[in-house]
Engineer: 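Pasting in a structure now, in structure tokens, and then I'll have a few things to ask.
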2 protein chains.
Amino acid sequence: MYQRKLPKEYYCTVDYALDIFGGKWKPRLLCILGHKKSMRYGEIKDQMENISDAALADSLKELQQQDIIERKQYNEMPIRVEYSLTNKGKTLLPVLNTISNWAIKNSTPDMYKGMHFNDVHKDLFK
Amino acid sequence: MYQRKLPKEYYCTVDYALDIFGGKWKPRLLCILGHKKSMRYGEIKDQMENISDAALADSLKELQQQDIIERKQYNEMPIRVEYSLTNKGKTLLPVLNTISNWAIKNSTPDMYKGMHFNDVHKDLFK
DNA sequence: CGGCATCCAAAGCGATACTG
DNA sequence: CAGTATCGCTTTGGATGCCG
């Protein structure tokens with residue numbers, strides 16, 4: 001299994017923050033989770049469109065370890081797993097919103113794939 | 001020369017923003033530049049402490065291409081080059097400040113190397 | 001259904017040497 | 001002084017297959 005190692009020391013506060021919610025998958029993952037109370041693994045994977053199981057599982061695990069998201073397993077048949085933001089994770093939403101608003105001001109809809117720009121991120125976390 | 005390719009399409013506004021100011025070096029670089037009117041190449045390199053010329057030159061070039069920083073060359077002897085934030089680049093400072101404030105609330109000074117946490121980023125861009 | 005393990009390819013980056 | 005060129009290592013991540 002691939003697992004990213006978090007460095008233990010940083011030079012900059014922004015580096016620390018982006019180590020938690022930056023990278024290839026986590027920003028989008030958090031934006032998607034930020035719109036729902038909770039989501040199942042497969043539901044997240046569908047909305048991420050092009051992510052592999054390995055990358056999704058690793059991202060989810062890292063975010064759990066940082067206390068940003070919570071995992072709840074229901075041992076039904078078939079098994080059901082729900083992910084949701086923790087209280088700490090919710091404090092990221094205004095931060096993501098600030099970043100998103102800057103991006104919207106400095107980009108155009110045609111730079112985006114799928115429905116994410118207009119239907120989701122324009123009103124992110126209001 | 002190594003040069004990162006910017007993808008042309010994004011799934012998420014946050015991805016777009018982090019493509020501009022995220023990554024290993026650019027957050028710290030922008031934080032450092034954000035405190036001065038302009039800085040010389042060598043001055044930036046000293047404050048970045050552990051960056052290689054290749055990585056620094058590439059980061060500076062990318063940020064120029066995105067109109068975040070500006071390069072001015074003075075053909076003195078020896079040559080002098082000054083970098084500074086553009087107007088667009090300055091609009092990033094409140095965004096970086098928001099991220100930094102979240103990080104400060106969720107980390108401790110001992111997680112940081114050097115003087116950056118206490119002496120610089122605590123009062124970032126005030 | 002919700003993952004994890006393995007293999008492999010590509011990207012990112014550092015060290016070194018060199019240049020106008 | 002302010003970079004650029006090249007090499008090779010390390011990290012990242014996609015594809016595939018398997019499992020409880």
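All heavy atoms count here, side chains included; hydrogens, waters and symmetry mates do not.
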Engineer: Does OP1 or OP2 of C:dA11 have a side-chain N or O of A:Lys24 closer than 4.0 Å?
Structural biologist: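 False: A:Lys24 side-chain N/O out of range (4.0 Å or more) of C:dA11 OP1/OP2.
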
Engineer: Is there a side-chain contact between B:Val14 and A:Arg28 in this structure, where contact means two heavy atoms from C-beta onward sitting under 4.5 Å apart?
Structural biologist: no

Engineer: Which of parallel (below 30°), tilted (30 to 60°) and perpendicular (above 60°) describes B:Tyr112 and A:Tyr10?
Structural biologist: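 Ring orientation of B:Tyr112 relative to A:Tyr10: tilted.
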
Engineer: The helix from C:dC1-D:dG20 to C:dG20-D:dC1: angle between its terminal axes, five pairs each, to 10°?
Structural biologist: 50°

Engineer: Give a yes/no answer on whether the side chain of B:Arg71 brings an N or O atom under 4.0 Å of OP1 or OP2 in D:dG3.
Structural biologist: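 Yes, within the criterion.
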
Engineer: For A:Arg40 and for B:Ser52, find the nucleotide of DNA chain C with the closest heavy atom, then tell me which residue's nucleotide is more 5'.
Structural biologist: A:Arg40

Engineer: Let's see if you can work this out: which of C:dG14, D:dG14, C:dG3 has an atom nearest to the side-chain heavy atoms of B:Trp25?
Structural biologist: C:dG14

Engineer: In terms of ring plane angle, is the pair A:Tyr83 and A:Tyr41 parallel, tilted or perpendicular, where the classes change at 30° and 60°?
Structural biologist: tilted

Engineer: Do you know which two heavy atoms are closest between B:Ile20 and B:Lys26, and how far apart they sit?
Structural biologist: O-NZ, 3.2 Å

Engineer: Look at B:Lys61 and D:dG3 and indicate whether a side-chain polar atom (N or O) is within less than 4.0 Å of OP1 or OP2.
Structural biologist: no

Engineer: Do NZ/NE/NH1/NH2 and the carboxylate oxygens of A:Arg80 and A:Glu82 come within less than 4.0 Å?
Structural biologist: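 Yes, A:Arg80 and A:Glu82 are salt-bridged.
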
Engineer: We want to know whether B:Ser38 and B:Ser84 form a side-chain donor-acceptor pair, criterion being a heavy-atom distance below 3.5 angstrom.
Structural biologist: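 No donor-acceptor contact under 3.5 Å links the two side chains.
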
Engineer: Side chain of A:Ala54: nearest nucleotide among D:dC1, D:dA5, C:dA5?
Structural biologist: C:dA5

Engineer: Between C:dG14, D:dG3, C:dC1, which nucleotide gets closest to the side-chain atoms of A:Pro78?
Structural biologist: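 It is C:dC1.
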
Engineer: Quick check on DNA chain D: between A:Ile79 and A:Ile51, whose nearest nucleotide comes earlier from the 5' end?
Structural biologist: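 Here A:Ile51 is the residue nearer the 5' end.
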
Engineer: If you compare every side-chain N and O of B:Tyr41 against the phosphate oxygens of D:dT4 (OP1, OP2), does one of them come in below 4.0 Å?
Structural biologist: no

Engineer: Looking only at side-chain atoms of A:Val81, point me to the closest of C:dG14, C:dG3, D:dG14.
Structural biologist: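 The answer is C:dG3.
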
Engineer: Report which part of the nucleic acid B:Tyr74 touches: base, sugar-phosphate, or nothing (heavy-atom distance under 4.0 Å, all strands).
Structural biologist: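 B:Tyr74: no heavy atom of the nucleic acid under 4.0 Å.
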
